[in-house]
A.B. asks: 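The structure follows.
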Amino acid sequence: MKTAVEIKDLTKRYGDLTALDSISLTVNEGELFGIIGPDGAGKSTLYQILATLLNPNAGSASIFGLDTVKDYRTLRRMIGYMPEKFSLYQDLTVQENLRFFASLFGVSVKDNFNLIAPVFGQLEKFPNRKAGALSGGMKQKLALSCALIHRPSILLLDEPTTGVDAVSRSEFWDILHSLKESRMTILVSTSYMDEATLCDRIAMIDKGHILKTGRPDDLISSIGKNLWQSSAKEMFALLEEYRKMPEVIDCYTFGAYLHIVADDNFNSRIVKDKLSQTFKDFELSKATGTIEDLFIKLSRENHNVL
């Protein structure tokens, strides 16, 4: 399988702040690869380096064997880049933005319209509407259309679903999967942990460090068997009670429940008998692990190492 992106010991610093700390990873050609992490993890810095907009302080990054520093002129014609912040011309219309970005790459809208047609379909109804007047979901589709209009070899999408409604998020991922069928290599970053399962492989990043890389299902299965969920009327007191138990490795809020990471000495029957006498509406059951559970675990382990 051909390597599309290769990153080796990549480091980027802003003064005393290290945004990326000697990270390494590879992305295969035709892969839908996710960069998963919270705000401030280093995702946008990584994307700006891959898009040839920033130079690293150390290490290297290459796309299809071309170095992002030495070969930036060639790479810029091969890359479709959609930054986190909407960066199209807000006072230009939908059609004017599309024509402008096509002209930058020496193509016409007609040349590659078949590629953007699934994305651009809804926007065709509003060709003369200014970009600044579009909804969040429509802005997202216009930005993606402009990033695709020159038929790039690789698509870099930096938090494309941030701030849009759930329906638009779902539609966007449907579009990405249709693009993947054309063998386009796609890198998408997100802080939404649930979107990790929509990728072929992911890299989990936090505070400039790659925590783990792999297929979502494989990563989830690595969480282990001793994961429990619990709830009661007095949730904070219940949280404190679990954290006092020597057999509890970690306990944290997870939606309407607490998630408990325990060792092999955790006896659910004894815990139920004890806590149900103290807490009203007490519940305790096995939990199914998620990417978010794994991220919390790895992030805390990484923090302890640092």
Side-chain angles (χ1 to χ4, degrees), residues 4-5 27 29-35 43-54 61 63-64 66 68 72-90 92-124 126-127 130-132 134-164 168-169 171-190 195 198-199:
V5 178
V27 178
E29 185 177 13
E31 197 168 33
L32 176 49
F33 193 95
I35 307 292
K43 301 187 300 296
S44 292
T45 295
L46 174 59
Y47 271 69
Q48 288 170 22
I49 291 173
L50 292 176
T52 75
L53 302 176
L54 278 179
I63 298 176
F64 296 113
L66 298 172
T68 57
Y72 73 94
R73 291 183 184 274
T74 303
L75 279 175
R76 286 181 181 178
R77 303 193 68 82
M78 299 171 59
I79 292 170
Y81 174 49
M82 184 174 162
E84 178 182 3
K85 185 178 179 181
F86 184 70
S87 58
L88 304 187
Y89 291 96
Q90 306 223 28
L92 294 184
T93 66
V94 166
Q95 196 65 45
E96 287 169 342
N97 266 293
L98 196 59
R99 287 174 178 168
F100 173 74
F101 280 91
S103 70
L104 289 179
F105 292 95
V107 300
S108 70
V109 174
K110 184 179 178 180
D111 290 337
N112 293 319
F113 190 78
N114 65 318
L115 181 63
I116 69 166
V119 190
F120 197 70
Q122 295 180 38
L123 289 165
E124 283 187 295
F126 314 105
K130 290 188 176 182
L134 296 173
S135 67
M138 289 296 191
K139 284 182 177 179
Q140 172 199 62
K141 291 181 176 67
L142 178 58
L144 181 57
S145 297
C146 291
L148 287 169
I149 196 58
H150 62 296
R151 197 174 287 272
S153 301
I154 185 168
L155 189 58
L156 306 176
L157 306 174
D158 189 8
E159 304 229 32
T161 57
T162 298
V164 299
S168 294
R169 282 177 61 192
E171 289 177 347
F172 194 87
W173 278 97
D174 287 342
I175 290 167
L176 294 190
H177 283 107
S178 67
L179 289 171
K180 181 183 177 296
E181 290 176 4
S182 68
R183 298 297 299 164
M184 182 176 290
T185 304
I186 304 169
L187 271 76
V188 56
S189 72
T190 180
E195 293 184 342
L198 302 174
C199 302

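When reading the values below, keep in mind they use all heavy atoms of this one structure, side chains included, and skip hydrogens, waters and symmetry mates. We count residues from 1, following the sequence as given.
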A.B. asks: Any idea which heavy atoms bring Leu50 and Ile63 closest together, and the distance?
C.D. replies: O-CD1, 3.4 Å
A.B. asks: To the nearest 0.5 Å, what is the distance between OG on Ser145 and CD on Glu124?
C.D. replies: 9.5 Å
A.B. asks: In Å, rounded to the nearest 0.5 Å, how long is the span from CZ of Phe120 to CD1 of Ile149?
C.D. replies: 8.5 Å
A.B. asks: What heavy-atom pair brings Phe101 and Cys146 nearest, and what distance separates the two atoms?
C.D. replies: CD1-SG, 3.8 Å
A.B. asks: Roughly how far, to the nearest 0.5 Å, is the NZ atom of Lys130 from the CD atom of Glu96?
C.D. replies: 8.5 Å
A.B. asks: Nearest 0.5 Å, please: how far is CG in Leu46 from CG in Leu156?
C.D. replies: 9.0 Å
A.B. asks: Evaluate the side chain to side chain contact (heavy atoms under 4.5 Å, CB included) criterion for residues Asn114 and Arg151: first the C-alpha distance (whole Å), next the side-chain angles of each, then the deciding distance (0.1 Å), finally the verdict.
C.D. replies: CA-CA 10 Å; Asn114 65 318; Arg151 197 174 287 272; 2.9 Å; yes
A.B. asks: To the nearest 0.5 Å, what is the distance between CD (Gln140) and CD1 (Ile175)?
C.D. replies: 7.0 Å
A.B. asks: Nearest 0.5 Å, what's the CG-CE distance between Leu148 and Met184?
C.D. replies: 5.5 Å
A.B. asks: Please report the closest heavy-atom contact between Ala102 and Ser108, naming both atoms and the distance.
C.D. replies: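 Minimum heavy-atom contact is CB-C, 4.2 Å.
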A.B. asks: So, does His177 use its side chain to make a donor-acceptor pair with the main chain of Leu32 at under 3.5 Å?
C.D. replies: no
A.B. asks: Measure from the side-chain N and O atoms of Asn97 to the backbone N and O of Val94, and report whether any donor-acceptor pair falls under 3.5 Å.
C.D. replies: no
A.B. asks: For Tyr89 and Ala131, work out which heavy atoms get closest and say how close.
C.D. replies: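 Closest approach of Tyr89 to Ala131: O-CB, 3.6 Å.
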A.B. asks: Which residue, Glu84, Gln48, Glu159, forms the side chain to side chain donor-acceptor pair (under 3.5 Å) with Lys43?
C.D. replies: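 Answer after filtering Glu84, Gln48, Glu159: Glu159.
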A.B. asks: For Ala4, which residues count as a side-chain contact (heavy atoms from CB on, under 4.5 Å) partner, sequence neighbours excluded?
C.D. replies: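 If we apply the side-chain contact (heavy atoms from CB on, under 4.5 Å) test to Ala4, skipping adjacent residues, the hits are Glu29, Phe64, Thr185.
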A.B. asks: How far apart are the closest heavy atoms of Lys139 and Leu134, and which atoms are they?
C.D. replies: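 The answer is CE-O, 3.4 Å.
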A.B. asks: List, one per line, each side-chain donor-acceptor pair under 3.5 Å for residues 72-80, sequence neighbours excluded.
C.D. replies:
| from | atom 1 | to | atom 2 | distance (Å) |
| --- | --- | --- | --- | --- |
| Arg76 | NE | Thr52 | OG1 | 2.7 |
| Arg76 | NH2 | Thr52 | O | 2.9 |
| Arg77 | NH2 | Phe105 | O | 2.9 |

A.B. asks: Which residue, Leu187, Thr190, Ile186, forms the side chain to side chain contact (heavy atoms under 4.5 Å, CB included) with Leu157?
C.D. replies: Ile186
A.B. asks: Using the rule given for side chain to side chain contact (heavy atoms under 4.5 Å, CB included), can you reason through Ile116 versus Leu98, listing the C-alpha separation, both sets of side-chain angles and the distance that settles it, and then say yes or no?
C.D. replies: CA-CA 11 Å; Ile116 69 166; Leu98 196 59; 3.7 Å; yes
A.B. asks: With a 3.5 Å cut-off and no angle check, do the side chains of Thr161 and Glu195 form a donor-acceptor pair?
C.D. replies: yes
A.B. asks: To check you understand the geometry: which heavy-atom pair defines the closest contact between Ser44 and Asp158, and what is its length?
C.D. replies: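 In this case the closest contact between Ser44 and Asp158 is OG-OD2, 2.7 Å.
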A.B. asks: Begin with the C-alpha distance, continue with both residues' side-chain angles, and end with the deciding distance and a verdict on side chain to side chain contact (heavy atoms under 4.5 Å, CB included) for Leu54 and Thr68.
C.D. replies: CA-CA 9 Å; Leu54 278 179; Thr68 57; over 6 Å; no
